[in-house]
J.: 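Supplied in structure tokens, the structure appears directly below.
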Amino acid sequence: MTVLGVEIDTPTMTARLPKDKIAAYLHHINIATHAPQSIKSLQSLAGKLAWAGRVIPVGRRLTKALHNEIGLFPHSPALNTCPITLGPP
């Protein structure tokens with residue numbers, strides 16, 4: 001059974017993300033780690049990962065670095081398109 005995009009296996013009482021969502025999230029992470037990103041795209045990625053973290057608890061811990069990067073952006077709307085790249089320099 002799928003509820004709000006989460007596959008729920010009632011006999012084993014487990015929840016998991018569908019494979020297509022996992023593949024999409026990995027694709028977005030790959031792009032974010034290899035190309036400069038705007039704050040809007042990083043916020044979108046953070047939201048997706050926060051949602052996925054409700055199903056995969058270890059994922060919540062990994063979003064801290066992303067939130068730290070978002071916090072580095074200036075608060076001026078004119079500067080919110082400054083590109084940054086996640087991952088090693």
Side-chain angles (χ1 to χ4, degrees):
M1 168 173 45
T2 302
V3 177
L4 297 175
V6 176
E7 293 176 355
I8 300 175
D9 187 356
T10 53
T12 61
M13 297 299 289
T14 58
R16 64 184 164 269
L17 293 177
K19 290 181 182 183
D20 61 329
K21 284 199 182 286
I22 293 171
Y25 293 159
L26 289 174
H27 174 73
H28 289 294
I29 291 168
N30 189 34
I31 290 172
T33 56
H34 292 95
Q37 301 294 305
S38 69
I39 189 169
K40 188 171 185 168
S41 65
L42 291 178
Q43 287 171 333
S44 174
L45 178 59
K48 290 174 184 172
L49 295 178
W51 179 85
R54 304 304 274 170
V55 178
I56 307 169
V58 73
R60 278 185 265 164
R61 181 182 59 183
L62 301 175
T63 61
K64 183 169 176 45
L66 182 57
H67 287 286
N68 289 341
E69 288 292 332
I70 291 170
L72 294 176
F73 272 86
H75 293 290
S76 168
L79 298 175
N80 281 347
T81 57
C82 297
I84 66 166
T85 303
L86 294 177

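Here, residue 1 is the first one in the sequence, and each next residue gets the next number. Heavy atoms only: backbone and side chains are in, while hydrogens, waters and symmetry mates are out.
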J.: Do you know which two heavy atoms are closest between Leu45 and Ala32, and how far apart they sit?
T.: CD2-CB, 3.7 Å

J.: Give me each pair satisfying salt bridge (charged side-chain N to carboxylate O under 4.0 Å, His left out) with a member in residues 8-20, each pair once, sequence neighbours excluded.
T.: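 Listed once each, the pairs are Glu7-Arg16.
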
J.: Search all heavy atoms of Val6 against all heavy atoms of Val55 and return the closest pair with its distance.
T.: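 Reported closest heavy-atom pair: CG2-CG2, 3.6 Å.
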
J.: Out of curiosity, does Met1 fall in the hydrophobic cluster containing Met13 (side-chain heavy atoms, cut-off under 4.5 Å, transitive links)?
T.: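 Looking at the clustering, Met1 is in a separate group from Met13.
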
J.: Can you tell me how far OG1 of Thr2 sits from NZ of Lys21, rounded to the nearest 0.5 angstrom?
T.: 10.0 Å

J.: With a sphere of 6.0 Å drawn around CG of Leu26, does it hold more than 12 non-hydrogen atoms of other residues, nucleotides or ligands?
T.: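 Yes, because the 6.0 Å sphere around CG of Leu26 holds more than 12 heavy atoms from other groups.
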
J.: Determine the minimum heavy-atom distance between Gly5 and Trp51, stating which atoms define it.
T.: O-CH2, 3.7 Å

